[in-house]
Number of protein chains: 2
Amino acid sequence: MSLACETCPVRDRAACSVLDEAGRDELSRIGRHRTLRAGETLFAAGEATDVCATLIDGALKVTRFDAEGHETILALVHPAGFVGELFQPFSDFDVVALTECRLCVFADRDFDAAIAAHPELARALLRRTQEELHASRAMQSLVMAGSGKARVAALLWKFAESASDSPCHPAARFELPLSRGEMADMLGLTIETVSRQLTALEQEGAIRREGKRGIELLDPARLSHLFD
Amino acid sequence: MSLACETCPVRDRAACSVLDEAGRDELSRIGRHRTLRAGETLFAAGEATDVCATLIDGALKVTRFDAEGHETILALVHPAGFVGELFQPFSDFDVVALTECRLCVFADRDFDAAIAAHPELARALLRRTQEELHASRAMQSLVMAGSGKARVAALLWKFAESASDSPCHPAARFELPLSRGEMADMLGLTIETVSRQLTALEQEGAIRREGKRGIELLDPARLSHLFD
DNA sequence: CGATATCTTGAGCTGGATCAACATACGTGG
DNA sequence: CCACGTATGTTGATCCAGCTCAAGATATCG
């Protein structure tokens, strides 16, 4: 079998995990693996969106460039996540690898057929998409209403949560997965402002920095009360 | 039949339009009509989300209040639109009627069963949700990157498009469906800034105002080049 | 006709952007 | 191993778009 689902690290978390043996076999025949180097583009804005994919390993960003060449990061995609606009002919966003990535890629038309054949797959994808919509709206409200410090604090919190094994409990110590510039692009701020807010948070005793990317949460409560 | 789908004004645009006669009959048995007065709340943040709904008539807003009581409008819902988080136990957002509304309401558990029984319904909902996600991300990038004038111009454009019968062509003249305050809440600006940007756009010759809510597009190109 | 809500306009203030300098890490080749 | 170059991050100084506060203007309605 080409896709070797048996050894897939996300086989029980990805959308395809809701399928039975036969369904997964079918998907494995229409899909193919692909790897991306860090910085490589999966879809580009303006191009035809004829494929979709499940991320097996690594991290992707969904971004948009405005007229002046400024990049906005709209979402991050983690392993087991799904990308692709099944129903829109052209993409308005770029999807780019942040790190080296392994993906399971499907042609849109094949995947749409699989959705029709396997209702539970459609339902799983619906669930995923509703969750993404929810996350997008949460981000939108943060960016629209929150101050620079609140945005940085919320992003730190999100990273702390995803670095922790127990969900909804932030890790006390973690490494930032993004550079200052990437954080700025996610938050609609500049590199300088992100840097200054991190120093401010450190001076207030909310966090401690270790090197460029290491963060220790000294006072999670103080951090979380800055947003929400 | 309780829901009288035969006379429903959105029967060929709503998610349920993909169902055959039998499927629609089934839905009509599990759903019920509800009307909301302007300002009435359908869901409130923090409450259990045990129902979902298709909007038949009127307009809804999806909003969030931050700690200081500031409201952010995250999305508008138009007739044939669908609201409801099928898979999340509690809502993080309020859904409130902007105008008097008629809705077709379903219990989440019933609707989920209908999705399982009718794959085409799941697919239709998936499509709708992907489109909403797309719209949410477009809004997010506008708010993160765009100036005040760009945001106001983009909102005018959106209203002009939805006021026009032909899609993708803005109406030359239309009435603003929102107050200045509601526009400000959608754009992450203040009432004063929205008002000032409208005056600026009028002085530049891009638009002409007629009374408080009437807008005439004098120079659509000048307007649209401000964003995107 | 006054009362209340909505909108516009003006005058300053401020948070984050911009511009600029410096610091630190990390190769790569001499 | 060190010298240098590049990428990344920090800090300082200034500027400006949009916020805040305040005053009028324009409905709309009993």
Side-chain angles (χ1 to χ4, degrees), chain A residues 38-39 66-73 98-99 142-156 159 175-204 207-216 226-227, chain B residues 38-39 66-73 98-99 142-156 159 175-204 206-215 226-227:
Chain A
D66 63 21
E68 298 87 46
H70 179 89
E71 180 173 16
T72 301
I73 298 182
L98 280 169
T99 65
L142 178 71
V143 169
M144 283 171 76
S147 67
K149 184 176 288 184
R151 298 188 212 179
V152 171
L155 190 62
L156 289 183
F159 289 152
E175 294 284 314
L176 291 171
L178 299 183
S179 70
R180 297 290 183 272
E182 287 163 337
M183 287 196 268
D185 288 341
M186 280 203 73
L187 298 172
L189 299 170
T190 58
I191 293 176
E192 294 94 322
T193 301
V194 172
S195 180
R196 274 187 254 267
Q197 297 301 348
L198 286 173
T199 32
L201 288 170
E202 185 166 40
Q203 279 167 357
E204 293 167 14
I207 63 169
R208 200 170 66 78
R209 281 183 290 187
E210 293 176 15
K212 284 183 193 296
R213 299 238 175 165
I215 297 285
E216 185 178 356
L226 289 171
F227 52 95
Chain B
D66 63 22
E68 297 86 47
H70 179 89
E71 180 173 17
T72 301
I73 299 182
L98 281 168
T99 65
L142 178 71
V143 169
M144 283 171 76
S147 67
K149 183 176 289 186
R151 298 188 213 178
V152 171
L155 190 61
L156 289 183
F159 289 152
E175 294 285 314
L176 291 171
L178 299 183
S179 71
R180 297 290 183 274
E182 288 163 337
M183 288 196 268
D185 288 341
M186 280 203 75
L187 298 172
L189 299 170
T190 58
I191 293 177
E192 294 94 321
T193 301
V194 171
S195 181
R196 275 187 253 268
Q197 297 301 347
L198 286 174
T199 342
L201 288 171
E202 185 166 39
Q203 279 167 357
E204 293 168 14
I207 64 170
R208 199 170 68 77
R209 280 183 290 187
E210 293 177 15
K212 285 183 192 298
R213 297 231 174 173
I215 296 285
L226 288 171
F227 52 94

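Residue numbers start from 1 in every chain, and the chains themselves are labelled A, B, ... in the order their sequence lines are given, proteins ahead of strands. The structure displayed is predicted, hence computed values, not measured ones.
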Would a distance-only check, ignoring hydrogens and angles, find a side-chain to backbone donor-acceptor pair under 3.5 Å from [X] to [Y]?
X	Y	value
E71(B)	D185(B)	no
T199(B)	R196(B)	yes
R213(A)	E175(A)	no

List the atom of [X], the atom of [Y], and the distance in Å for their closest heavy-atom pair.
X	Y	answer
A153(A)	L226(A)	CB-CD1, 3.8 Å
L178(A)	E182(A)	CA-OE1, 3.4 Å
V143(A)	R151(A)	O-NH2, 3.3 Å

Bend angle of the helix from dC1(C)-dG30(D) to dG30(C)-dC1(D) from five-pair axes at both ends, rounded to 10°?
->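 Computed from the C1' atoms at both ends, the axes differ by 30°.
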
Kindly determine whether D66(B) and T72(B) satisfy side chain to side chain contact (heavy atoms under 4.5 Å, CB included), including the steps that lead there.
-> CA-CA 8 Å; D66(B) 63 22; T72(B) 301; 5.6 Å; no

Round to the nearest Å and state the distance from [X] atom [atom1] to [N] atom [atom2].
X	N	atom1	atom2	answer
E202(A)	dG9(D)	CD	P	15 Å
L201(A)	dT11(D)	CG	P	13 Å
D185(B)	dC7(C)	CG	P	12 Å
M183(A)	dT8(D)	CE	C1'	11 Å
I191(B)	dC21(D)	CD1	P	13 Å
R209(B)	dA25(D)	CZ	P	16 Å
E68(A)	dA17(C)	CD	P	15 Å
L198(A)	dT11(D)	CG	P	10 Å

Among R209(B), Q197(B), R208(B), which one satisfies side chain to side chain donor-acceptor pair (under 3.5 Å) with E202(B)?
-> R209(B)

Could you go over nucleotides 15-18 of chain D and give all protein N or O partners under 3.5 Å, atom names and distances?
unit_1  : atom_1 : unit_2  : atom_2 : d
dG18(D) : OP1    : G148(B) : N      : 2.4

Anything under 3.5 Å between a protein N or O and an N or O of nucleotides 19-27 of chain C, put it in a table, one pair a line.
unit_1  : atom_1 : unit_2  : atom_2 : d
dC19(C) : N4     : E192(A) : OE2    : 3.0

Is there a side-chain contact between L187(A) and I73(A) (heavy atoms, below 4.5 Å)?
->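 When only atoms from C-beta onward are counted, I73(A) and L187(A) do not touch, as no gap falls below 4.5 Å.
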
Can a side chain N or O of T199(A) be found less than 4.0 Å away from OP1 or OP2 on dT11(D)?
->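 It does, given that an N or O in the side chain of T199(A) lies less than 4.0 Å from OP1 or OP2 of dT11(D).
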
If you measure from OG on S195(A) to CG on L189(A), what distance do you get to the nearest 0.5 Å?
-> 12.0 Å

Derivation and outcome, side chain to side chain contact (heavy atoms under 4.5 Å, CB included), residues L155(B) and L142(B) | CA-CA 10 Å; L155(B) 190 61; L142(B) 178 71; over 6 Å; no

